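Structure first, then comments.
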Amino acid sequence: MSTSDVRVRFPPSPTGYLHIGGARTAIYNWLFARKHGGKMVLRIEDTDADRSTEDSIRGIIDGLEWLGLDWDEGPYFQSAYAAEHAAAAERLLAQGNAYKCFCSKEELEARREAAVKARADYRYAGTCRDLSPEEVASREAAGAPYVIRFKVPRGEGGVAFKDLVYGGIERSYNDIEDFVVVRSNGQPLYLLCNVVDDIRDRITHVIRGQDGLTNTPRQILLYRALDVEPPTFAHMPLTLDLNKAKISKRSHGEVVAVQFYREQGFIPWALVNFLVLLGWSPGDDREIFSPEELIEAFSLEGINKANSIFNYRKDDPKFFTDPKAININAHYLRTMPVAQLAELVKPVLEREGIWDAAYEGKKRQWFERTLEMTRERFHTLKDFATLGRAWFADDFTIDDKARQKNLLKHPQLMEWLPELADRLEALPIITPEEAERVARELAETHGVKPGIPVNGARAVITGQIKGPSMFEVFAHLDRDTVIRRLRQAPEYF
RNA sequence: GUCCCCAUCGUCUAGUCAGGUCCAGGACACCGGCCUUUCACGCCGGCAACACCGGUUCAAAUCCGGUUGGGGACGCCA
């Protein structure tokens with residue numbers, strides 16, 4: 001097989017949002033396709049009609065697009081191929097690979113419950129497996145509803161396959177029950193639809209979560225019955241929470257949704273970079289990858305077999321998601337080309353109503369310099385509009401700690417700060433050097449350490465307790481703004 | 001309960017397939033120091049793991065068996 005024959009698929013069911021676990025599956029598929037010059041197919045598994053609305057589909061696609069994961073074909077919709085699914089079921093029936101089962105749902109459920117109660121193993125007993133054609137015909141004629149079950153081989157032997165992550169997997173026939181492929185209402189089930197779709201889409205590699213591992217032997221049986229060579233399988237470990245439970249929106253909330261990261265000011269690629277590391281490693285110490293580097297480094301062999309844990313603590317005051325994710329995002333924030341960062345900050349400021357069109361015009365340089373000065377201590381794009389608000393707008397609020405520690409502690413600042421304003425105003429042009437000189441002179445005049453007036457100025461000018469060198473700030477910010485905010489200092493006391 | 005899978009620092013992981021170079025390396029988080037007008041960045045240092053028991057071997061995180069623990073599947077969901 002030439003490498004360009006690789007075809008993978010990402011088949012989400014529409015849920016209205018992209019789950020980070022799903023995103024991780026998409027990422028691995030995408031990387032594998034890109035690495036081998038293959039194609040990725042997006043297929044929406046919308047057979048469950050009540051869950052599939054236009055909005056719920058949109059949510060998935062939005063998430064993928066935001067992450068920058070592109071696909072080569074699709075989106076295809078599973079529901080569009082109902083006729084093919086039904087035809088496959090007919091074929092299985094005609095070939096004797098499947099049979100009609102008239103057992104009632106209630107009856108089966110009762111048996112299952114009894115088995116659970118008796119702590120026994122439950123499996124369909126095969127009651128209808130050997131019904132005579134006459135019997136089948138008469139029940140059908142009587143209008144008895146039936147499902148179609150796959151006829152799993154009986155006796156010795158089993159299904160074996162080589163998983164690209166887990167290695168050899170084997171399951172004996174005896175452990176596989178005659179599973180249902182078509183509902184009593186005539187609708188084929190996922191197991192069959194999925195196989196039929198993968199055959200039609202000529203999928204060569206199925207890369208999916210480990211929760212699909214037990215489906216694989218049954219699906220291989222389906223491939224065989226349909227006389228098609230099964231694809232290669234690669235199952236990836238799951239992502240769990242700190243209690244080793246599956247992460248879900250129901251129990252963990254928005255943190256599991258990709259959209260949440262967009263709202264929180266994540267850089268899309270940073271999230272991809274974080275997610276790919278959750279269960280995969282290049283085999284060396286690298287952790288930060290450009291898309292090209294990641295495609296180059298990626299391989300299914302690097303996927304870990306053990307489940308990984310998404311290190312998220314609900315209500316953690318310091319980290320709103322896995323600390324490593326935030327760290328990686330912060331890394332990109334402070335190292336990416338500033339022009340590129342500007343593109344990402346723009347919508348954030350726009351949303352807050354503090355964007356100035358001149359930032360793309362004559363204030364472009366000033367804007368980019370501002371980003372450079374502030375990004376060192378920010379973690380998300382949102383920080384530019386919150387912690388960094390004073391750089392772009394007058395409606396910032398002063399941090400309480402900054403007010404307590406750098407202002408109220410030194411009541412004389414009520415006079416010193418306006419005095420600093422006077423001294424700065426007297427300068428023909430405020431340079432960092434000149435600003436430092438006048439600030440130090442002022443401190444000396446009053447016999448205090450320079451840090452006192454300087455940090456007081458930081459509080460009233462930036463609203464923060466921390467930030468870049470204030471001498472740089474005096475010179476960088478609009479002269480009138482600096483002087484005005486210093487003169488307003490007494491208002492904070 | 002049955003079947004399948006897994007097991008290295010708090011978390012993500014390297015090392016396991018080809019046993020010795022590993023009294024186990026990196027990253028995040030945490031703690032300390034340096035730098036500094038502040039904080040961050042950066043740099044330096046610290047804390048911290050081979051689940052347990054047995055076997056094979058001159059030698060085991062690495063191979064084998066068992067135990068324990070965890071996860072997944074067991075739907076007329078996808």
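Protein chains get the first letters and strands the later ones, always in sequence-line order, with residue 1 at the start of each. These numbers come from a predicted model, not from an experiment.
Salt-bridge formation is detected for the pair A:R154/A:D178: a Lys NZ or Arg NE/NH1/NH2 atom is positioned less than 4.0 Å from an Asp or Glu carboxylate oxygen. Classification of A:R286 and A:D284 as a salt-bridged pair holds, one side-chain N sitting under 4.0 Å from a carboxylate O.
A 3.5 Å limit on both hydrogen-bonding distances identifies B:rG1 as the Watson-Crick or G-U partner of B:rC74. As the counterpart of B:rU68, B:rA7 is assigned, both hydrogen-bonding distances of the Watson-Crick or G-U wobble pattern falling under 3.5 Å. Searching all strands for a Watson-Crick or G-U wobble partner of B:rU62 with both distances below 3.5 Å returns nothing. Across all strands shown, B:rU56 forms no Watson-Crick or G-U wobble pair with both distances under 3.5 Å. Under the Watson-Crick or G-U wobble criterion, with both distances below 3.5 Å, B:rC35 has no partner in any strand shown. In this entry B:rA48 has no Watson-Crick or G-U wobble partner, no candidate having both defining distances under 3.5 Å.
For B:rC4, neither phosphate oxygen OP1 nor OP2 lies less than 4.0 angstrom from any side-chain nitrogen or oxygen of A:N215. Here A:R112 reaches the OP1 or OP2 of B:rC76: one of its side-chain N or O atoms lies under 4.0 Å away. OP1 or OP2 of B:rC6 has at least one side-chain nitrogen or oxygen of A:K305 nearer than 4.0 Å.
The separation between A:R437 atom CZ and B:rU37 atom C1' is 17 Å, rounded to whole Å. The nearest whole Å value for the distance from the CD1 atom in A:I169 to the P atom in B:rG72 is 16 Å.
Between the side chain of A:R334 and the base of B:rC41, no donor-acceptor pair under 3.5 Å is found. Residue-to-nucleotide contacts include a donor-acceptor pair under 3.5 Å from the side chain of A:E287 to the base of B:rG26. Between the side chain of A:K466 and the base of B:rA40, no donor-acceptor pair of N or O atoms lies under 3.5 Å. In this model, no side-chain donor or acceptor of A:R440 finds a partner on the base of B:rU37 within 3.5 Å.
In this structure, A:L222 and A:R218 have side chains that are not in contact, with every pair of non-hydrogen atoms separated by 4.5 Å or more.
Remark: A:D175, A:V180, A:R183 in residues 175-183 of chain A come within less than 4.0 Å of RNA chain B through at least one heavy atom.
Among the nucleotides B:rC28, B:rA78, B:rG26, the one closest to any side-chain atom of A:N327 is B:rC28.
Rounded to whole Å, the separation between the C1' atoms of B:rA27 and B:rC64 comes to 34 Å. A distance of about 8 Å separates the C1' atoms of B:rA61 and B:rA24, rounded to the whole Å.
Nucleic acid contact for A:K246: sugar-phosphate only, since backbone atoms but no base atoms lie under 4.0 Å from a heavy atom of the residue. Here A:G279 lies in heavy-atom contact (under 4.0 Å) with sugar-phosphate atoms only. A:I465 comes within contact range of at least one nucleobase, with a heavy-atom separation under 4.0 Å. Heavy atoms of A:G283 sit under 4.0 angstrom from primed sugar atoms or phosphate atoms, though from no base atom.
In this structure, A:R123 and A:F310 both approach RNA chain B, and ranking their closest nucleotides by distance from the 5' end singles out A:R123.
The cationic atom of A:R200 (NZ for Lys, CZ for Arg) lies less than 6.0 Å from the six-membered ring centre of A:Y81 and within 45° of the ring axis.
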